[in-house]
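Throughout, a chain's letter reflects where its sequence line sits, starting with A, and its residues are numbered from 1. What you see below is based on every heavy atom in this structure, not just the backbone, and it leaves out hydrogens, waters and symmetry mates.
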There are 2 protein chains.
Amino acid sequence: MNIGEASSASGVSAKMIRYYEEIGLIRPMGRSGNNYRVYGEEEVHILRFIKRARNLGFSLEETETLLKLWQDKDRESSAVKDVATAHIGDLERRIAEMQGMVKTLKHLAHCCGGDNRPNCPILDDLAGNGVGDVPVPAAGRKMHA
Amino acid sequence: MNIGEASSASGVSAKMIRYYEEIGLIRPMGRSGNNYRVYGEEEVHILRFIKRARNLGFSLEETETLLKLWQDKDRESSAVKDVATAHIGDLERRIAEMQGMVKTLKHLAHCCGGDNRPNCPILDDLAGNGVGDVPVPAAGRKMHA
DNA sequence: CTTGACCTTCCCATGATGGGAAGCTCCACA
DNA sequence: TGTGGAGCTTCCCATCATGGGAAGGTCAAG
């Protein structure tokens with residue numbers, strides 16, 4: 001099976017399959033006489049594993065860890081669970097951050113007439129003239145040295 | 001005021017201030033005799049506006065639009081509201097996507113012993129042997145578009 | 001033999017940010 | 001007056017995962 005077929009069988013683009021090989025996520029594939037990469041069911045299975053891990057938001061680095069654990073018959077399931085749990089925490093942090101943004105934005109949008117007049121509390125808020133609650137202080141880092 | 005001072009006054013790093021200038025988000029600053037960029041209150045105000053827009057998750061492109069609307073005294077507030085509303089929708093879509101991931105992951109993690117035995121439903125699921133309800137049908141939902 | 005669909009490698013772009021090098025300027029202090 | 005260091009300048013590189021596209025080889029069907 002050539003790369004195109006492996007691609008449609010796994011849902012991973014040919015471009016990405018080559019990239020995964022380049023960064024060492026998957027082993028370099030054997031080549032047929034014409035220098036084309038050759039794939040078997042085994043490889044497609046691995047690619048599908050990667051695809052699913054990516055769909056769940058795991059980074060390629062985390063995916064690599066999971067892949068190694070998958071192939072390690074002596075793994076401890078706690079190692080897998082740890083990776084998953086950390087990822088859940090990461091997702092929840094990002095979700096909370098975005099929810100904060102949505103909350104503020106909805107409040108501002110609600111206060112904005114959205115008509116043909118220039119008066120706009122959204123811009124007022126961005127300009128520093130808050131309409132109420134102000135999110136994300138987030139500024140004061142490495143200043144002044 | 002030099003770039004370092006403008007940076008701590010606005011919360012935008014000097015690196016980013018130069019970058020914003022480079023991509024045309026802000027006008028090139030005047031230079032003093034020593035070739036240092038010179039900033040005034042006006043510019044710091046603009047940088048703070050950008051900072052706040054970024055904190056609310058607006059892209060630099062959206063920020064540019066908002067900035068122009070801010071400076072356009074004849075704007076219609078509906079234009080601003082449209083940008084904000086579209087962004088809210090975008091955030092909500094991403095939140096929903098991540099919540100789906102979290103839901104699946106929590107289910108899997110819940111089913112995983114997390115002990116010293118190799119048996120692991122998380123890996124089983126990634127390998128294609130679902131543990132029950134499994135969203136993300138690898139073939140059905142096109143990431144690409 | 002030609003055409004077109006594949007495959008190969010290589011380079012570039014994305015978005016927003018940081019790191020760091022090499023070289024300049026400025027200021028304070030001895 | 002010299003010197004050190006902080007701060008400024010530009011330039012290049014890295015991130016993360018992905019796609020676009022060019023230039024060229026290969027294969028199968030017409």
Side-chain angles (χ1 to χ4, degrees), chain A residues 1-26 28-39 43 47 50-65 67 87 90-91 94 97-98 101 136 138-139 141-145, chain B residues 1-26 28-39 43 47 50-65 67 87 90-91 94 97 101 141-145:
Chain A
M1 160 168 36
N2 287 339
I3 202 171
E5 215 174 331
S7 170
S8 40
S10 65
V12 179
S13 76
K15 208 92 183 180
M16 279 302 101
I17 296 177
R18 293 192 199 99
Y19 175 66
Y20 293 163
E21 179 182 316
E22 188 194 325
I23 64 171
L25 182 60
I26 59 180
M29 296 312 302
R31 305 291 180 112
S32 53
N34 53 19
N35 198 34
Y36 288 9
R37 289 170 179 82
V38 179
Y39 299 84
E43 285 78 33
L47 288 170
I50 294 171
K51 181 69 180 177
R52 281 188 61 77
R54 299 282 306 125
N55 279 146
L56 286 174
F58 288 105
S59 69
L60 286 185
E61 201 179 348
E62 290 164 330
T63 301
E64 188 174 17
T65 302
L67 207 43
H87 181 45
D90 193 44
L91 286 169
R94 285 154 55 193
E97 192 181 351
M98 287 194 283
M101 293 174 184
V136 198
R141 327 182 338 146
K142 61 135 34 150
M143 54 190 59
H144 176 56
Chain B
M1 158 170 35
N2 287 339
I3 200 170
E5 215 174 331
S7 169
S8 40
S10 65
V12 179
S13 76
K15 210 91 183 181
M16 279 303 99
I17 295 177
R18 292 193 199 98
Y19 174 65
Y20 292 162
E21 178 182 316
E22 188 193 326
I23 63 171
L25 182 60
I26 58 181
M29 297 311 303
R31 305 290 182 112
S32 54
N34 53 19
N35 199 34
Y36 287 10
R37 288 170 180 81
V38 179
Y39 299 84
E43 285 78 33
L47 288 170
I50 293 170
K51 181 72 180 177
R52 281 189 60 77
R54 300 282 306 125
N55 280 147
L56 287 175
F58 288 106
S59 69
L60 287 185
E61 201 179 347
E62 290 164 330
T63 300
E64 187 174 17
T65 302
L67 206 44
H87 181 46
D90 193 44
L91 286 169
R94 285 154 57 193
E97 193 180 352
M101 293 174 184
R141 66 130 64 150
K142 239 36 222 116
M143 288 308 261
H144 167 248

Which atoms form the tightest heavy-atom contact between [X] and [Y], and what is the distance?
{"X": "B:L25", "Y": "B:L67", "answer": "O-CD2, 3.8 Å"}
{"X": "B:N55", "Y": "A:M101", "answer": "O-CE, 3.3 Å"}
{"X": "A:L47", "Y": "A:V12", "answer": "O-CG2, 3.6 Å"}

Send over the distance from [X] [atom1] to [N] [atom2], rounded to a whole Å.
{"X": "B:E21", "N": "D:dC11", "atom1": "CD", "atom2": "C1'", "result": "15 Å"}
{"X": "A:R18", "N": "C:dC6", "atom1": "CZ", "atom2": "C1'", "result": "10 Å"}
{"X": "A:I17", "N": "D:dG19", "atom1": "CD1", "atom2": "P", "result": "11 Å"}
{"X": "B:Y39", "N": "D:dG7", "atom1": "OH", "atom2": "C1'", "result": "13 Å"}
{"X": "B:N2", "N": "D:dT9", "atom1": "CG", "atom2": "C1'", "result": "12 Å"}
{"X": "A:E22", "N": "D:dC16", "atom1": "CD", "atom2": "P", "result": "14 Å"}
{"X": "B:N35", "N": "C:dC26", "atom1": "CG", "atom2": "C1'", "result": "14 Å"}

Query raised in the report: At under 4.0 Å between heavy atoms, what does B:R37 touch on the DNA or RNA strands: base, sugar-phosphate, or nothing?
Result: sugar-phosphate
Spacing of [atom1] belonging to [X] relative to [atom2] belonging to [Y], to within rounding of 0.5 Å:
{"X": "B:R54", "Y": "B:K51", "atom1": "CZ", "atom2": "NZ", "result": "8.5 Å"}
{"X": "B:L60", "Y": "B:Y19", "atom1": "CG", "atom2": "OH", "result": "6.0 Å"}
{"X": "B:F58", "Y": "B:L91", "atom1": "CZ", "atom2": "CG", "result": "8.0 Å"}

Requested in this report: Keeping to residues at least two apart or across chains, list the side chain to side chain donor-acceptor pair (under 3.5 Å) pairs with something in residues 28-37 of chain A.
Outcome: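 Pairs touching residues 28-37 of chain A that pass the test: A:E21-A:R37, A:R31-A:N35, A:S32-A:N34.
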**Report entry** Annotated protein contacts, base or backbone, on nucleotides 22-30 of chain D with a non-hydrogen cut-off under 4.0 Å, one of B, S, - each
**Finding:** ---BBS---
Query - Residue list, side-chain contact (heavy atoms from CB on, under 4.5 Å) with B:A14, at least two apart or on another chain - result: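 Here the qualifying residues are B:I3, B:R18.
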Report task. Ignoring backbone atoms, test whether B:R31 places a side-chain nitrogen or oxygen under 4.0 Å from the OP1 or OP2 oxygen of D:dT10. Result -> yes
Query raised in the report: Using a cut-off of less than 4.0 Å, is there contact between a side-chain N or O of B:S13 and OP1 or OP2 of C:dT17?
Result: no
Please produce a list of atom pairs where a protein N or O lies less than 3.5 Å from an N or O of nucleotides 12-16 of chain C.
unit_1 : atom_1 : unit_2 : atom_2 : d
C:dA16 : OP1    : B:L60  : N      : 2.9
C:dA16 : O3'    : B:R54  : NH2    : 2.8

**Report entry** Side-chain donor/acceptor of B:H87 to backbone N/O of B:L56, under 3.5 Å
**Finding:** yes
**Report entry** 4.5 Å side-chain heavy-atom contact, B:E5 and B:Y39
**Finding:**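 When only atoms from C-beta onward are counted, B:Y39 and B:E5 do not touch, as no gap falls below 4.5 Å.
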Query - Rounded to 10 degrees, the angle between the two terminal axes of the helix from C:dC1-D:dG30 to C:dA30-D:dT1, each from five pairs - result: 30°
Query raised in the report: Under the salt bridge (Lys or Arg N to Asp or Glu O under 4.0 Å) test, which residues partner B:E43, sequence neighbours left out?
Result: none
